[in-house]
Amino acid sequence: MATIKKTALVIGAGTGGYPCAIRLGQLGVDAMLVEKGEPGGVCLNVGCIPSKALISATKLAHKASHAETMGLRFGPPQVDMVKMQEWKSGIVRKLTSGVKGLVKGNGTEYRQATATFLGPKQVQLTYADGSPSDVVEAEHIVIATGSVPIEIPGFAYDGKRILDSTGALALDHVPESMIVIGGGYIGLELGQTFQRVGTKLTVVEGLDRLLPAMDKDLAQVVTKQIKDDGGEIVTGARAKGWTERDGMAVVQVEVGGELRELSAEVVLVAVGRRPVTQGLGLEKTGVKLDKGFIVVDQRLQTNVPGIYATGDVVGQPMLAHKATHEAEVVAEVIAGRKSVNDARVIPAVVFTEPEIATAGLSKDEAEAKGHKVGVGKFPFSVLGRAMAIDETKGFVKIVIDADDERVLGVSIVGPEASDLISEASLAIEMGAYAPDIGLTIHPHPTLGEAMMEAAKHAVGEAIHIQNPRKR
Ligand code: NAI
């Protein structure tokens, strides 16, 4: 067993870890990144990237099969899922090998091993190939171990009938039917992915509507799409257990005090994720946890000097871009800079059909914070560009402070919401007012004009929609 001395050690090469390792290298800190699996973590290997590849492929198929109104007729899509999976895996391989290259290229050492704390400054590295373990002694240690899917009683993942998101992303065929338990981000993104190429979809949600954490008017647009595509949504429902019958999973669901049976070829369980803190030897460090999450301050420091944490393991929202931002901040903190995580907004995107994206406060949140609130809304149904791409569902909604017209929040449901939201994030981050967006010339004809018009609508000056008579 060798002892290796480093200034900094980063545990976990996901989006909360590898950007930290790269930045540490750039800042001249002698660092090591350790990862037990593949570089890139959940996001690159079994999350954001592979899901977006499958989503974009099936969106194309769906659009093609609904292109009759544009004067185009294609036959029903023929899906070669094995080929689609190969294409998806190629993208993942390119990105994960890129990560490793960037880490090493910036001068940070990379090791594939399992890390376990022996003390606050000492971590043991265990190698899967059985080579003798090493001990790393580091002044600064960053925990970026991420999260894993929550399991619910009675639904142990078996990779065949009962799938987590990883299992669903690896399907080698389009299932004839799928029950999704949990109508949140993952359930809807992956449920719609397969629904678009023919899977009969049923969503079982515990609360009274889909995407309960989002504004109702946003969730409604996606809910309607799922139903229009032939899906069933069962709300206020608790999945109790399942049995295998005639090659199908028969799921017992309690709805309004009554038991119902739903059956499908596969069941995707997506009821949230939990932080990974077990098995790390954290008890040897004294690091404080709260409901399983590692407690950190604005500089990502735990209660133990020299130990930091980033990403899903420090709490909600469990989003890759939040993790990356924290990773960069913590690298600068370790390098002695005065950096803090003082981001005003963390945008969120759900890659449903249509997409949903939010930044800043919702109307209810703004009111709860004591703002007198004004709202501007512009529907894609009256926007030239949206009509030209035949994607007219949804709207842009801007929440402003009615007293000074400052932009407090923006939410979008509709085409390319994921790309449109960055303008809103920048606006809020810079403390912009609605007229800053409204008076900025947006190119025509583009989807971005909806943002400009919504901002104008919020102050009663929209051109292509009726403004409220009195303000
Ligand atoms: P989620 O928190 O988004 O949704 C879980 C849903 O399951 C909730 O609506 C909840 O009410 C429901 N639920 C919980 N227990 C249930 C039960 N026993 N029966 C029926 N319904 C139940 O969690 P999800 O979809 O698993 O995603 C986890 C996290 O991963 C998200 O919170 C998000 O941070 C991240 N993620 C982000 C994505 C993105 O940025 N586009 C995509 C996918 C995941």
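Just follow the structure's listing: the first ligand is 1, and inside any ligand the first atom is 1. Throughout, residue positions are numbered sequentially from 1 according to the sequence presented.
With hydrogens and angles disregarded, a donor-acceptor distance shorter than 3.5 Å links the side chain of Ser65 to the backbone of Ala61. Remark: side-chain polar atoms of Thr145 are paired, donor with acceptor, to backbone N or O of Val276 under 3.5 angstrom. Of the possible donor and acceptor atoms, one in the side chain of Arg406 sits under 3.5 Å from a partner among the backbone N and O of Gly431.
Here the protein heavy atom with the shortest distance to atom 11 (O) of ligand 1 is Glu205 OE2, 2.6 Å. For atom 17 (C) of ligand 1, the closest non-hydrogen atom on the protein side is Arg238 NH1, 3.6 Å. Protein heavy atom nearest atom 36 (N) of ligand 1, with residue, atom name and distance: Tyr185 CD2, 3.7 Å. With hydrogens left out, the protein atom closest to atom 32 (O) of ligand 1 is Gln316 OE1, 4.4 Å, a heavy atom. Scanning the protein for heavy atoms near atom 13 (N) of ligand 1, the closest one is Val271 CG1, 3.9 Å. In this structure, the protein non-hydrogen atom closest to atom 34 (O) of ligand 1 is Met318 O, 2.8 Å. Atom 5 (C) of ligand 1 has as its closest protein heavy atom Ala270 O, 3.5 Å. When only non-hydrogen protein atoms are considered, atom 21 (N) of ligand 1 lies nearest to Gly206 N, 3.0 Å.
Ligand 1 places these atoms under 4.0 Å from at least one heavy atom of Leu207: 11 (O). Here is the list of ligand 1 atoms found below 4.0 Å of a heavy atom in Gly182: 6 (C), 7 (O), 12 (C), 21 (N). Listed by atom number, the atoms of ligand 1 under 4.0 Å from Glu189 heavy atoms are 39 (C), 41 (N), 42 (C). Contact atoms of ligand 1 toward Pro212: 9 (O) (distance under 4.0 Å to a heavy atom of the residue). For ligand 1, the atoms closer than 4.0 angstrom to any heavy atom of Val349 are 39 (C), 40 (O), 41 (N). Residue Leu319 approaches ligand 1 through these ligand atoms, each under 4.0 Å from one of its heavy atoms: 34 (O), 37 (C), 40 (O).
Counting only non-hydrogen atoms, the option in Leu211, Asp208, Ile186, Ile152 that gets closest to atom 43 (C) of ligand 1 is Ile186. Comparing Arg274, Arg273, Lys322 by heavy-atom distance to atom 30 (O) of ligand 1, the nearest is Arg273. Among Gly184, Ser418, Gly272, the residue whose heavy atom lies nearest to atom 23 (O) of ligand 1 is Gly272.
Not one N or O of Ala239 is nearer than 3.5 Å to an N or O of ligand 1, by distance alone.
Once rounded to the nearest 0.5 Å, the distance linking CG of Leu268 with OG1 of Thr202 reads 12.0 Å.
For the 3.5 Å distance criterion, the side chains of Gln225 and Lys393 qualify, holding a donor opposite an acceptor. Side-chain N/O atoms of Glu355 and Ser418 include a donor and acceptor closer than 3.5 Å. Side chains of Glu423 and His442: a donor on one and an acceptor on the other come within 3.5 Å.
Residue contacts with ligand 1 include Ala237, since one or more of its heavy atoms lies under 4.0 Å from the ligand.
A heavy-atom distance below 4.5 Å is found between the side chains of Ile143 and Leu280. Within the 4.5 Å cutoff, the side chain of Glu326 has heavy atoms near those of the Val314 side chain.
Counting heavy atoms closer than 4.0 Å to ligand 1, residue Ile181 contributes side-chain atoms (C-beta onward) but none from N, CA, C or O. Of all the heavy atoms of Ser51, none lies under 4.0 Å from any atom of ligand 1, so neither backbone nor side chain is involved.
If you look at His62 and His66, their ring centroids are closer than 6.0 Å.
Of the residues Lys200, Lys160, Arg161, the one that meets the side chain to side chain contact (heavy atoms under 4.5 Å, CB included) test with Glu265 is Arg161. Asp215 pairs with exactly one of Lys377, Lys363, Lys397 by the salt bridge (charged side-chain N to carboxylate O under 4.0 Å, His left out) rule, that one being Lys397.
Within a 6.0 Å radius of CD in Glu283, other residues, nucleotides and ligands contribute more than 12 heavy atoms.
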